[in-house]
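Notes follow once the structure below has been shown.
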Number of protein chains: 2
Amino acid sequence: MRATIRDVARQAGVSIATVSRVMRDSETVRPETRDRVLAAAGDLEFVPSHLGRQLAERRHAANGIVFPDLSGPYYAEVVLGYEAVAAELGRSVLILSTRGRDDADDAVRAMAERCDGLVVVSGRTVDDDVVARLAARGTSLVLVARPPVDTVDSVNAENDASARALTRHLLDLGARRLVFVGDPSTSPDVAERLHGVQEALTEADVAADVEIRHVQNLDEQCGAEVVGDYLGRALPDAFVCANDELALGMLGRLRAAGVDLPSRVRVTGWDDVMAARYAGLTTVRQPMRELGATAARLLDELISGTRTHPRHELLPTQLVVRTSTTLGKETP
Amino acid sequence: MRATIRDVARQAGVSIATVSRVMRDSETVRPETRDRVLAAAGDLEFVPSHLGRQLAERRHAANGIVFPDLSGPYYAEVVLGYEAVAAELGRSVLILSTRGRDDADDAVRAMAERCDGLVVVSGRTVDDDVVARLAARGTSLVLVARPPVDTVDSVNAENDASARALTRHLLDLGARRLVFVGDPSTSPDVAERLHGVQEALTEADVAADVEIRHVQNLDEQCGAEVVGDYLGRALPDAFVCANDELALGMLGRLRAAGVDLPSRVRVTGWDDVMAARYAGLTTVRQPMRELGATAARLLDELISGTRTHPRHELLPTQLVVRTSTTLGKETP
DNA sequence: GATCGTCATGTAACCGGTTTCAGAGACCGG
DNA sequence: CCGGTCTCTGAAACCGGTTACATGACGATC
């Protein structure tokens with residue numbers, strides 16, 4: 001069995017209080033005594049138990065993060081940014097993926113019991129009432145890429161401005177008939193993107209319109225299916241997809257059908273995943289790592305009690321133009 | 001403040017032992033008493049403290065996983081597979097990324113104090129002596145994608161057979177002068193892959209050779225640089241890269257230089273990341289998720305004491321042929 | 001009716017730390 | 001030489017659970 005604080009105290013001939021003081025060099029201890037304790041601790045290879053310490057301090061020194069999935073670069077980057085900052089702040093990071101878990105709500109609640117606070121990424125993880133109940137219980141919470149709730153901190157990527165920029169880019173290229181691929185009712189992010197597109201069209205001084213094409217999931221297969229539908233009839237000028245995976249699915253199917261891009265049709269995505277670069281996909285880059293990092297900082301403020309009023313951060317995004325819309329100004 | 005077991009006991013008019021028994025429905029409690037306790041618990045919204053419980057049980061019910069990075073799909077998938085199985089086994093998962101951390105060794109040791117056991121992924125995370133010291137201390141350990149140590153469990157992906165298959169594939173296509181890109185001294189995985197290539201060449205009934213091209217890092221930039229070097233002189237028949245990122249970097253640079261693939265030169269990678277599919281990269285697919293899942297299961301056996309003798313798992317890999325080597329049998 | 005076993009529950013020690021408070025000396029000025 | 005202050009250390013309570021053991025009630029057995 002590993003040495004405890006009492007073993008060290010006995011060996012050094014002091015009380016456990018003194019050992020505790022030396023280990024966390026809090027109060028003053030006579031150098032001579034300190035040396036004796038340190039010698040005993042080194043001798044016994046004493047490492048203070050986190051459990052004992054945490055119980056006494058009534059804190060976990062750990063943060064949680066809940067996300068739907070880790071495949072695909074989006075969430076992985078968010079988690080990475082989160083972990084980096086949390087570690088800097090001296091906190092461990094607990095992860096919980098809700099994908100394919102039917103007891104996600106319970107799992108999140110269980111996780112909340114093991115952390116000083118947690119971050120919930122994406123609306124596809126747990127229901128709002130779970131979030132509300134956690135918040136009501138006093139759990140420190142930060143929402144990421146999830147519709148803000150007044151009383152709860154949130155971090156989101158800007159959608160509207162980039163959607164407008166993207167749309168103007170397409171209009172500049174002469175595109176007039178757009179098709180937005182994705183279901184705005186599934187996610188507020190998607191709804192905002194669509195909204196930005198529609199606004200840009202309204203503000204434009206040319207006649208242009210956007211059709212909305214709903215899909216089951218935002219994945220490659222659905223993207224391919226959408227292309228299949230359009231191959232029979234006239235292609236629009238551009239497909240504006242709610243995310244990169246949809247767009248990549250479309251690109252693959254279009255290429256297979258021998259449709260030339262960007263002359264016959266243009267395709268855009270959202271996220272700027274790594275594959276988008278190789279596929280030459282015009283898309284919108286999100287500061288994923290920064291989303292996680294910001295969430296970690298906000299959460300730390302909540303936990304440490306530095307701040308009590310909720311904050312809502314909105315991080316900027318950036319249009320990345322590639323060959324799926326124009327050969328003119330390719331960004332490799 | 002949240003309710004404790006003593007609050008519940010007082011309200012229900014029983015002792016804390018009885019409450020504990022009800023909460024973990026261990027021993028027999030009279031139904032009537034149980035109902036009283038449950039009512040009180042519900043009333044006070046009592047949730048047993050993990051800290052108290054864990055201290056008493058002297059276990060964390062948490063596992064750790066250490067990896068170098070989470071950007072790029074490789075480690076993310078491993079972590080995902082690990083988390084899924086760990087969650088199934090009722091364990092929380094702590095993560096630790098060592099990238100850009102100069103105190104990685106300490107961080108790993110600190111993490112070990114908070115878990116019942118941990119998985120170390122890749123040799124690029126911490127030194128062998130840290131692993132050895134943890135093992136000596138009795139920490140349950142599983143190594144993933146890291147050179148096996150006799151006494152410590154390990155999970156690795158098969159390298160040799162796939163490297164041979166890959167090489168034979170290139171030989172079949174007529175390639176004779178190969179260049180292996182990557183530094184075999186940095187990682188045993190890379191060394192094994194090179195070894196497989198060399199063996200396949202030796203066994204082949206044609207005259208062929210492989211040159212070894214060392215690189216600083218296994219990333220896209222280095223891949224692009226290697227191409228730059230070769231553009232001046234004669235290109236080999238094929239570049240066999242130690243991973244996909246190198247290969248993708250080469251593909252980009254080759255395409256930019258107007259070199260036609262696969263007619264002028266062939267390129268292969270290793271890992272089968274998502275971008276490889278869009279870049280048409282011939283590569284070797286690793287069962288990344290399964291690596292993580294297997295590690296979680298091995299670790300659970302160690303922690304629960306079901307098994308004491310070390311095991312070394314070797315998971316199969318699979319050659320994926322795409323257009324970077326041949327247009328003949330493209331796998332989309 | 002005394003003895004015994006069983007069942008339900010309570011008492012108290014324990015897990016390994018932190019922290020409050022009090023006390024023992026050392027030191028100082030008058 | 002004495003009272004007061006300061007510095008260092010120890011005793012003990014506490015964090016919130018688990019669990020070995022003790023206890024008491026009750027029914028069964030002879």
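Quick note: numbers below take in every heavy atom, side chains included, and nothing from hydrogens, waters or symmetry partners. In what follows, every chain begins at residue 1, and chains take the letters A, B, ... in the order their sequences are listed.
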Ser15(A) side chain near dG10(D) phosphate (N/O to OP1/OP2, under 4.0 Å): yes
Nearest heavy-atom neighbours spanning Leu141(A) and Asp153(A): O-CB, 3.7 Å
Separation of atom CZ in Arg34(B) from atom C1' in dG10(C), rounded to whole Å: 17 Å
Partner residues of Thr186(B) under the side chain to side chain contact (heavy atoms under 4.5 Å, CB included) criterion, sequence neighbours left out: Asp183(B)
Below 4.0 Å: OP1/OP2 of dG16(C) and any side-chain N or O of Arg53(A): no
Closest contact, heavy atoms only, Val121(B) versus Pro68(B): O-CD, 3.6 Å
His50(B) NE2 - dC15(D) C1' separation (whole Å): 17 Å
Thr4(A), nearest nucleotide to its side chain (from dG17(C), dT19(D), dA11(D)): dG17(C)
Value in whole Å for how far the C1' atom of dC8(D) lies from CZ of Arg36(A): 12 Å
N or O in side chain of Arg30(A) less than 4.0 angstrom from dT9(D) OP1/OP2: yes
Nearest-0.5 Å distance, CZ of residue Arg91(B) to CG of residue Asn63(B): 5.0 Å
Sugar-phosphate, base or nothing in reach of Leu55(A), heavy atoms under 4.0 Å: base
Phosphate OP1/OP2 of dT18(D): any Ser20(B) side-chain N/O under 4.0 Å: yes
Value in whole Å for how far the P atom of dG17(C) lies from CZ of Arg2(A): 8 Å
Distance below 4.0 Å between Thr28(B) side-chain N/O and dC7(C) OP1 or OP2: no
Touch class at under 4.0 angstrom, heavy-atom based, for Val19(A) against every strand present: nothing
Interatomic spacing from CE in Met288(B) to OH in Tyr75(B) - rounded to 0.5 Å: 11.0 Å
Interatomic distance, Gln54(B) CD vs dC14(C) C1' [rounded to whole Å]: 17 Å
base_contact_polar (dG16(D) base, Arg58(A) side chain, donor-acceptor, <3.5 Å): no
For atom CZ of Arg6(A) and atom P of dA13(D), their distance in whole Å: 13 Å
Under-4.0 Å side-chain N/O to phosphate OP1/OP2 contact, Thr18(A) with dT9(D): no
Pairwise 5' ranking along DNA chain C for Gly13(B) and Glu57(B), keeping only the more 5' one: Gly13(B)
Minimal non-hydrogen separation, Gly64(A) against Met111(A), with atom names: CA-CE, 3.1 Å
Interatomic distance, Arg21(B) CZ vs dC21(D) P [rounded to whole Å]: 14 Å
Side chain of Thr33(A) (C-beta onward), nearest among dT9(D), dG10(D), dG17(D): dT9(D)
Sugar-phosphate only, base, or nothing, as touched by Val8(B) at under 4.0 Å among non-hydrogen atoms: nothing
Per Val14(B) side chain, nearest of listed nucleotides dG17(C), dG10(C), dT9(D): dG10(C)
Nearest-Å distance for atom pair CD1/P, residues Ile16(A) and dC15(C): 12 Å
